[in-house]
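First up is the structure itself, then whatever we jot down about it.
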Amino acid sequence: MGLEAKRDRLVENVIQKISERISNLADLHLPYAMRTREEPVSPLEVKGLLAALLSRDPSIFLERYGSKLKAEELQEFEVLKDDYAVNWHLRHLKSILNPTTEEKRSHAVTAKNRRLAYMERLIHDGQYFSEDAMRERAPLLHHEYVGRFQDPSCRGFSRPGERWSETLMRQSEEARIVQQIKEEQERLGIQEEETDKEEEEEEDEDSESDDEMNKNGKHANGDGFNGAVQQEDMSPSERLVSEARHSKKTLSVEEEQMKMEHFTRIMQEKFLSGDDTEHVDYAYIDNNVSLDDHWLREITQDAEEKYFEDDD
């Protein structure tokens with residue numbers, strides 16, 4: 001591509017080349033009318049839309065589709081850098097493509113803040129961090145922190161307002177999750193807790209066995225993993241499961257609530273650290289400028305509160 005262009009717009013062949021390439025991308029954000037109509041949108045139609053926008057308002061084009069451009073395509077916009085908005089988007093996009101050390105640090109902080117803002121939105125919505133949703137994403141972790149202290153039969157009951165077909169589907173999903181938990185336990189060598197009767201029958205035998213092992217300078221593996229997976233070989237999630245095995249087998253209501261809060265915090269930390277790639281689009285979150293408004297509102301609110309406190 002050449003650099004010759006008029007001062008207020010790109011030359012036509014550059015507009016056509018950029019529009020044609022981008023029109024074939026699958027994840028373009030299109031106008032609402034295009035997204036919601038019944039008939040499919042053709043690449044030729046998308047190309048016409050992009051070319052018209054690129055010709056009419058390059059700064060808006062860069063705002064919406066600049067992240068899709070290659071370095072050499074961004075270079076074509078240098079002839080328009082006298083336009084303040086175009087120049088701002090150019091600097092921003094180039095800093096993403098070739099960031100300095102300081103820009104990398106700044107981007108990391110911005111991404112962290114945007115994830116936190118998005119997480120607070122998810123918490124407010126009430127679904128993503130509900131117990132059922134978290135259990136579905138991390139069934140074994142939920143089981144070790146919370147589930148093994150709950151009555152499993154309650155999950156099979158029909159719920160108020162639930163149709164019979166919905167109950168059957170939920171029971172089928174429950175069976176899948178239980179099977180997944182068992183498979184993960186087998187892989188990690190986790191033994192499920194014994195019943196009270198079995199414990200009473202084996203209590204004396206266990207006591208004698210422990211005494212004999214202590215005499216020989218040996219210790220049983222207290223976390224229930226049977227030595228199948230060594231601590232240093234575990235993933236972060238597997239270590240969390242191992243730590244959870246040290247809990248009591250019966251909990252008070254307050255203790256169960258604390259366990260649930262602990263499990264929820266772990267799931268939130270996993271989200272913030274980028275471990276939920278199967279469930280969320282981190283690229284969308286990390287590059288979502290609108291999430292910055294969350295912190296602007298908080299900064300404004302904090303400033304207002306400080307102003308009135310100082311006034312008092």
Side-chain angles (χ1 to χ4, degrees), residues 1-100 103-104 106-115 117-118 121-122 125 274 276-297:
M1 297 180 183
L3 281 177
E4 57 176 290
K6 298 178 183 178
R7 186 177 180 80
D8 61 341
R9 56 168 290 171
L10 301 175
V11 292
E12 188 62 28
N13 71 311
V14 171
I15 291 175
Q16 293 301 319
K17 286 180 181 179
I18 292 177
S19 300
E20 183 171 4
R21 189 186 69 80
I22 296 182
S23 66
N24 290 290
L25 300 180
D27 56 346
L28 283 182
H29 179 75
L30 299 174
Y32 179 79
M34 274 190 172
R35 298 198 312 267
T36 56
R37 74 186 196 188
E38 294 183 2
E39 62 271 17
V41 181
S42 68
L44 186 61
E45 192 175 359
V46 176
K47 178 186 174 183
L49 170 77
L50 296 174
L53 179 60
L54 187 49
S55 177
R56 183 179 67 253
D57 198 332
S59 64
I60 295 297
F61 180 91
L62 288 174
E63 179 182 344
R64 295 179 183 174
Y65 307 108
S67 61
K68 312 294 184 185
L69 295 175
K70 299 177 180 179
E72 60 269 24
E73 291 172 333
L74 276 178
Q75 190 64 27
E76 299 287 359
F77 289 82
E78 285 292 324
V79 295
L80 306 177
K81 64 182 181 181
D82 287 342
D83 182 301
Y84 176 83
V86 170
N87 192 41
W88 187 92
H89 287 296
L90 275 179
R91 291 202 315 270
H92 173 68
L93 292 167
K94 286 181 177 180
S95 72
I96 294 175
L97 288 175
N98 299 295
T100 63
E103 286 171 339
K104 287 180 180 178
S106 177
H107 291 160
V109 171
T110 299
K112 180 179 179 180
N113 287 336
R114 288 173 180 173
R115 290 184 188 185
Y118 196 82
R121 182 185 296 178
L122 291 175
D125 290 344
D276 282 6
T277 52
E278 294 182 16
H279 311 286
V280 297
D281 183 353
Y282 282 106
Y284 166 77
I285 296 171
D286 294 351
N287 294 298
N288 190 343
V289 179
S290 68
L291 292 171
D292 298 338
D293 294 341
H294 172 87
W295 301 113
L296 290 175
R297 286 193 299 270

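For clarity, every value in this text was computed on a predicted model and none was experimentally measured. For the numbers below, each heavy atom of this structure counts, side chains included, while hydrogens, waters and symmetry mates do not.
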Audit row: Phe77, Asn87, side chain to side chain contact (heavy atoms under 4.5 Å, CB included) steps and yes/no: CA-CA 9 Å; Phe77 289 82; Asn87 192 41; over 6 Å; no
Heavy atoms from other residues, nucleotides or ligands near CD of Glu39 exceed 12 (cutoff 6.0 Å):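 Buried by this count: over 12 neighbours within 6.0 Å.
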With Ser19, the side chain to side chain contact (heavy atoms under 4.5 Å, CB included) member among Val46, Val14, Leu54: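 Result: among Val46, Val14, Leu54, Leu54 is the only option passing the side chain to side chain contact (heavy atoms under 4.5 Å, CB included) with Ser19.
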Test salt bridge (Lys or Arg N to Asp or Glu O under 4.0 Å) applied to Arg21 and Glu73, step by step: CA-CA 11 Å; Arg21 189 186 69 80; Glu73 291 172 333; 2.8 Å; yes
For Tyr284, all residues meeting side-chain hydrogen bond (donor to acceptor under 3.5 Å, both in side chains), sequence neighbours excluded: Asn288
Inter-residue atom distance [X].[atom1] - [Y].[atom2], 0.5 Å rounding:
| X | Y | atom1 | atom2 | value |
| --- | --- | --- | --- | --- |
| His89 | Asp83 | NE2 | CG | 9.0 Å |
| Glu76 | Asn13 | CD | CG | 8.0 Å |
| Lys104 | Ser95 | NZ | OG | 12.0 Å |
| Glu45 | Leu30 | CD | CG | 9.0 Å |
| Ile18 | Lys70 | CD1 | NZ | 11.0 Å |
| Leu69 | Gln75 | CG | CD | 12.0 Å |

Leu50 vs Ile15, side chain to side chain contact (heavy atoms under 4.5 Å, CB included): CA-CA, chis, key distance, verdict: CA-CA 9 Å; Leu50 296 174; Ile15 291 175; over 6 Å; no
Between Glu12 and Gln16, a side-chain donor and acceptor under 3.5 Å: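 Yes.
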Side chain to side chain contact (heavy atoms under 4.5 Å, CB included) between Arg121 and Leu291, intermediate numbers included: CA-CA 10 Å; Arg121 182 185 296 178; Leu291 292 171; 3.2 Å; yes
Check: Ile22 and Lys47 side chains under 4.5 Å, non-hydrogen atoms: no
Side-chain touch Asp276/Tyr282, heavy atoms, less than 4.5 angstrom: yes
Any idea which heavy atoms bring [X] and [Y] closest together, and the distance?
| X | Y | value |
| --- | --- | --- |
| Pro58 | Val86 | CB-CG2, 4.2 Å |
| Pro31 | Leu49 | CD-CD2, 3.6 Å |
| Asn24 | Pro43 | OD1-CB, 3.8 Å |

Side-chain ([X]) to main-chain ([Y]) donor-acceptor, under 3.5 angstrom:
| X | Y | value |
| --- | --- | --- |
| Glu63 | Ile60 | no |
| Asn287 | Ala283 | yes |
| His92 | Trp88 | no |

Salt bridge Glu78-Arg91, side-chain N to carboxylate O under 4.0 Å: no
Stepwise salt bridge (Lys or Arg N to Asp or Glu O under 4.0 Å) check, Lys94 with Glu72: CA-CA 11 Å; Lys94 286 181 177 180; Glu72 60 269 24; over 6 Å; no
Sequence neighbours excluded, every pair satisfying salt bridge (Lys or Arg N to Asp or Glu O under 4.0 Å) that has a member inside residues 279-292: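 As it turns out, the salt bridge (Lys or Arg N to Asp or Glu O under 4.0 Å) pairs with a partner in residues 279-292, which skip direct neighbours, are Arg114-Asp292, Arg115-Asp286.
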Verdict with reasoning, Glu103 to Ile96, per side chain to side chain contact (heavy atoms under 4.5 Å, CB included): CA-CA 8 Å; Glu103 286 171 339; Ile96 294 175; over 6 Å; no
Ring pair (Phe, Tyr, Trp, His ring centres under 6.0 Å) partners of residues 24-71, not counting sequence neighbours, each pair once: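 Of all non-adjacent pairs touching residues 24-71, those that pass ring pair (Phe, Tyr, Trp, His ring centres under 6.0 Å) are Phe61-Tyr65.
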